[in-house]
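Chain identifiers are assigned alphabetically (A, B, ...) following the order of the sequence lines, protein sequences preceding nucleic acid strands; residue numbering begins at 1 within each chain. As a basis for the values below, the full set of heavy atoms in this structure was taken, side chains included, without hydrogen atoms, waters or symmetry mates.
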Amino acid sequence: MTQDVILEIRGLRAGVGDVEILKGIDLTIRLGETHAIMGPNGSGKSTLVNVLAGKPEYEAWAGQVTYKGRDLLQMPPDERAREGLFLAFQYPVELPGVRIREFLRAALDSIREHHGLDKLSVREFNRLLQEKAKEMGIDQDFLRRNVNEGFSGGEKKRHEIFQLLLLDPTLALLDETDSGLDVDALKIVADGINRFRGPQKAILLVTHYQRILNYVAPDYVHILIDGRIVASGGKELALEVEAKGYEWLRQTVGG
Amino acid sequence: MASRRKVISRETGIEEKEYRWGFVIPIEEETVPKGLNEEIVRLISQKKGEPGWMTEWRLRAYRYWRSLGYVEPKWAKIYHPPIDYQDIIYYAAPPKESDRPKSLEEIDPELRRAFDKLGIPLEEQKRLAGVAVDAVLDSASVATTFQKKLEDLGIIFCPISEAIQKYPELVRRYLGSVVPYTDNFFAALNSAVFSDGTFVYVPPGVRCPMDLMTYFRINQAEVGQFERTLIVADRGSYVSYLEGCTAPIRKRHQLHAAVVELIALEDAEIKYSTLQNWYPGDREGRGGIYNFVTKRGICLGRNSKISWTQVETGSAITWKYPSVILKGDNSVGEFYSVALVNHRQQADTGTKMVHIGKHTRSTIIAKGISAGYGQNTYRGLVKIMPSADYARNFTRCDSLLIGNRCGAHTTPYLEVRNPTARIEHEATTSKISEEQLFYLISRGIREEDAQYMIVNGFCRGVFQELPFEFAMEVSQLLRVSLEGTVG
Ligand SMILES: Nc1ncnc2c1ncn2[C@@H]1O[C@H](COP(=O)(O)OP(=O)(O)O)[C@@H](O)[C@H]1O
Ligand SMILES: [Mg+2]
């Protein structure tokens, strides 16, 4: 059984500075699964994925995280990425003057090198870029822009999923990739996520609304409130939360 | 450049990989005695076999310089111990001027190997994609490529010492016409002792078909390099000129005081690009080049254009303000600059745009990067004279700080004496944010590569002005210069 466990979180407590944000998280994700994490604003959803990705200011205080059988918290963040962990940011930062093409080339090269693969030729790289761009409805002019610079909210999210498809990791952490999207954009993003899914992949999808779950059906839904997972279930849990609101669960737990 | 030997300089213990241009070329050079007086000035002139007018000009410059009493300009934000001008050797050159090889085949193999190692092959067939090179070692030019091909077009591209002999009218007419020896302390010193450098003349209507490049190399210890470059673009002509420079690793500071003059006549355009990579000194600020340079161009004719692009990563101290005097109506001046300081380096650099003609336009884009304990100052003057109706200037100065022990300073001067002028000035100071670094790192990119990409992006507006030949070199340089700034 442990064979196909890709991520195992045990008793994870984490915070920023001396503020505790995650107060004991347990979660197991297997290959082929899609887990959704829902919760109100400020419940610690972004903190969880940032700790997993290794963002410097987020510190794990206690607990254990095992990724592909290794102690994730001991791995430097760039190595986590090269080992197939990917975070689609809630708020992707602008990189003035850094071209999308040059950025993706560097990322792909370092990942391939890590796996003992040759660098793609310019031609192969271009072909891959075209292919994935097309899948995400991204045009040539867009690829000439600087990373996230002057992007609309929707463009930023689409660009994150474009990277997901191009870099082809094993575990995708998607932080509110659905928020701020109109229905058309939401469909493109959801299609991209579904294209990524597969028996050798896993997804941890963080969301505030259950809307995206109509397009990306999760295997499991977890509700995060105040740094704790207060309920877990199938996708019907998401609908229940949608209908009754988070208050309902807060009371259940608190009571 | 396959050799990846680990060479340690005996003098400083600096590894060559930190400054891979830091080797000494094992070649015999003839020097004059240390120190400076009228005798030395005469001796240099004599060694070059110069005509009387040149010797006289040098002596006048020398006397003016002496009258300044060893007092350098004090307004720049740079600090160094006093320089002992009598403790410098003012001339060093491979044996005798007459021994300069007649053909490229006769070049000393040691020299050829050394320039190969610097990435400047002196064989024409191995040329840098269509670049003609004048290679200057310490005080003398050692090889010039493609002279024949250029001659056919009437273009003169030769060591200035040769031009003094062969084209005295042109040299007399223009030498000192943009930077008189009275201009400043270092210009006076240079005028007295300048040894070599490049002379370029492009005849009317000719578009120079290849980039012209001078590669300056300091080799000897205790030698100062004082090169002089003079470029004249006649009516309707165009030339792109590149300048590169390196020096061996030495424990003591070395002085480099160059003068560059550009003259663009009606409808002519000069594009001047510099990659300044003089030895910067070690981490503690020991050794390194003092780079005190006066560069100025004049847009003499209508519709002429002068464009300076510089990437300054080397030198312990850089003091340099490539400027344009916009005399001709409708003329255009541009200054694109990246100055990077790391460790204990200091740079005080910028430009002067002096608008005299009507409808003259200037653009200034200056990017300063400070890391380590480096101090970086942008100092720029935009001057609009009463005659310059409808002059326009756009200035943008951006500073990027890496770490919190370095400094960035911006000192713009504005002198507007015509109410029709339109001036825009933008300035920003930023730090590489953790957020930006993490975005790249989270995609598998190593931290030092991530930092390099951000810095490279910051410089993009300037780098895109560089000729193709320099682009690769620049990215390498930037990488090396940023080493040790991560973590
Ligand atoms: N970098 C940070 N510095 C300080 N506080 C933070 C930081 N990140 C998150 N927090 C705090 O932690 C709590 C959870 O935030 P977050 O993980 O972003 O929640 P969510 O993504 O569920 O909205 C909030 O109270 C937030 O203010
Ligand atoms: Mg969040």
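Two rings, from B/Tyr439 and A/Phe103, have their centers less than 6.0 Å apart.
Taking all atoms of both residues into account, the shortest heavy-atom contact from B/Gly444 to A/Ala81 is N-CB, 3.2 Å. Residues A/Ala53 and B/Phe438 share a closest heavy-atom pair of O-CZ, 3.7 Å. For the pair B/Ile454 and A/Val98, the tightest heavy-atom approach, listed with the atom from each and the gap, is CA-CG2, 4.2 Å.
A donor-acceptor pair is defined here as one N or O able to donate and one able to accept, closer than 3.5 Å; no such pair exists between the side chain of B/Arg443 and the backbone of A/Ala107.
For a residue to count as touching a neighbouring chain, one of its non-hydrogen atoms must lie under 4.5 Å from one of that chain's; by this rule A/Asp109 does not touch chain B. Heavy-atom distances place both the backbone and the side chain of A/Pro92 under 4.5 Å from chain B. If you measure heavy-atom distances from A/Glu113 to chain B, the contacts under 4.5 Å come from the side chain alone.
Contacts of A/Asp175 classified as side-chain hydrogen bond (donor to acceptor under 3.5 Å, both in side chains), with partners at least two apart in sequence or in another chain: A/Ser46. Shown here are the ring pair (Phe, Tyr, Trp, His ring centres under 6.0 Å) partners of B/Tyr241, two or more places apart in sequence or in another chain: B/Tyr272.
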Working for side chain to side chain contact (heavy atoms under 4.5 Å, CB included), residues B/Glu435 and A/Lys55
CA-CA 9 Å; B/Glu435 207 76 19; A/Lys55 192 160 192 214; 3.0 Å; yes
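If you take CZ on A/Arg105 and CE on B/Met453, they are separated by 11.5 Å, rounding to the nearest 0.5 Å.
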